[in-house]
Amino acid sequence: PSKKIYLPSVVYHAKIAIEANEIPSLGYIQYTIDLNDHSNDDLKEIYESFASLLADNDFSVEGINLTTRGLKLFPDNRHLKESLLYFLHVTDKDQEAIVLANELIDDNPYSYKVWLLLGTIYTKLSKYEKAVEALDFALTCKEGDSEAKKMKAYCLMENESYDKAIEVYL
């Protein structure tokens, strides 16, 4: 590729490239990010923006590579960790995702998004009791959420707790 990617248009150019299915390889994006002289705040913003962009456009493998590299520079960046959690989940790296979700929950036990994703992972693995537990915490964080309620009802049905499932669903 002959284009250089500059801040702040970096996300705009990448979005056009992704929508046109002409995104440069991740190595090129990484090379451009590393060689340009950006402040730490700029680099952090670039990694966060690209992580969101890759998630929105289903580039999960590239997302894992990008967020992993970003976390080497910014190991406490919650946005990158949550993005990595999502990428691990959609690429069926469930055990790694569970470990990361628990780390994120230790840092912030009121994260609805992380509890919901953890419940989703346990549901996918048919670990319905653990899923119900995670979904209960998600519902504590965001009371009345229909997505968490439906998934919890499904898990209760799979565990043959039909009365509880009906109660949750209604």
Non-hydrogen atoms of [X] and [Y] that approach each other most closely:
{"X": "L66", "Y": "A51", "value": "CD2-N, 3.5 Å"}
{"X": "E82", "Y": "K113", "value": "OE1-NZ, 3.0 Å"}
{"X": "A148", "Y": "A138", "value": "CB-CB, 4.5 Å"}
{"X": "A131", "Y": "G119", "value": "CB-O, 3.6 Å"}

State plainly whether one hydrophobic cluster holds both [X] and [Y], where clusters connect Ile, Leu, Val, Met, Phe, Trp and Tyr through side-chain heavy atoms under 4.5 angstrom apart.
{"X": "V90", "Y": "L88", "answer": "yes"}
{"X": "L117", "Y": "Y154", "answer": "no"}
{"X": "L125", "Y": "L118", "answer": "yes"}
{"X": "Y128", "Y": "L139", "answer": "no"}

Just so I know, are the side chains of [X] and [Y] near enough to count as touching, which here means a heavy-atom distance under 4.5 Å?
{"X": "D107", "Y": "K81", "answer": "yes"}
{"X": "L116", "Y": "M151", "answer": "yes"}
{"X": "N108", "Y": "L104", "answer": "no"}
{"X": "T67", "Y": "Y47", "answer": "no"}
{"X": "K164", "Y": "N159", "answer": "no"}
{"X": "Y122", "Y": "L135", "answer": "no"}
{"X": "L53", "Y": "E62", "answer": "no"}

**OP:** With sequence neighbours excluded, give me every ring pair (Phe, Tyr, Trp, His ring centres under 6.0 Å) pair touching residues 80-118.
**Re:** W115-F137
**OP:** Answer yes or no: does atom CG of D163 have more than 12 heavy-atom neighbours from other residues, nucleotides or ligands under 6.0 Å?
**Re:** no
**OP:** Tell me, yes or no, whether the heavy-atom count around K150 atom NZ, taken from other residues, nucleotides or ligands under 6.0 Å, exceeds 12.
**Re:** no
What is the distance from atom [atom1] of [X] to atom [atom2] of [Y], rounded to the nearest 0.5 Å?
{"X": "K93", "Y": "I121", "atom1": "NZ", "atom2": "CD1", "answer": "13.5 Å"}
{"X": "I64", "Y": "T91", "atom1": "CD1", "atom2": "OG1", "answer": "3.5 Å"}
{"X": "K127", "Y": "E133", "atom1": "NZ", "atom2": "CD", "answer": "12.5 Å"}
{"X": "E158", "Y": "T123", "atom1": "CD", "atom2": "OG1", "answer": "9.5 Å"}
{"X": "L73", "Y": "L43", "atom1": "CG", "atom2": "CG", "answer": "7.0 Å"}

Subject >> From I98, V114, L80, residue fulfilling side chain to side chain contact (heavy atoms under 4.5 Å, CB included) relative to L85 >> reply: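 Output: one option passes, namely V114.
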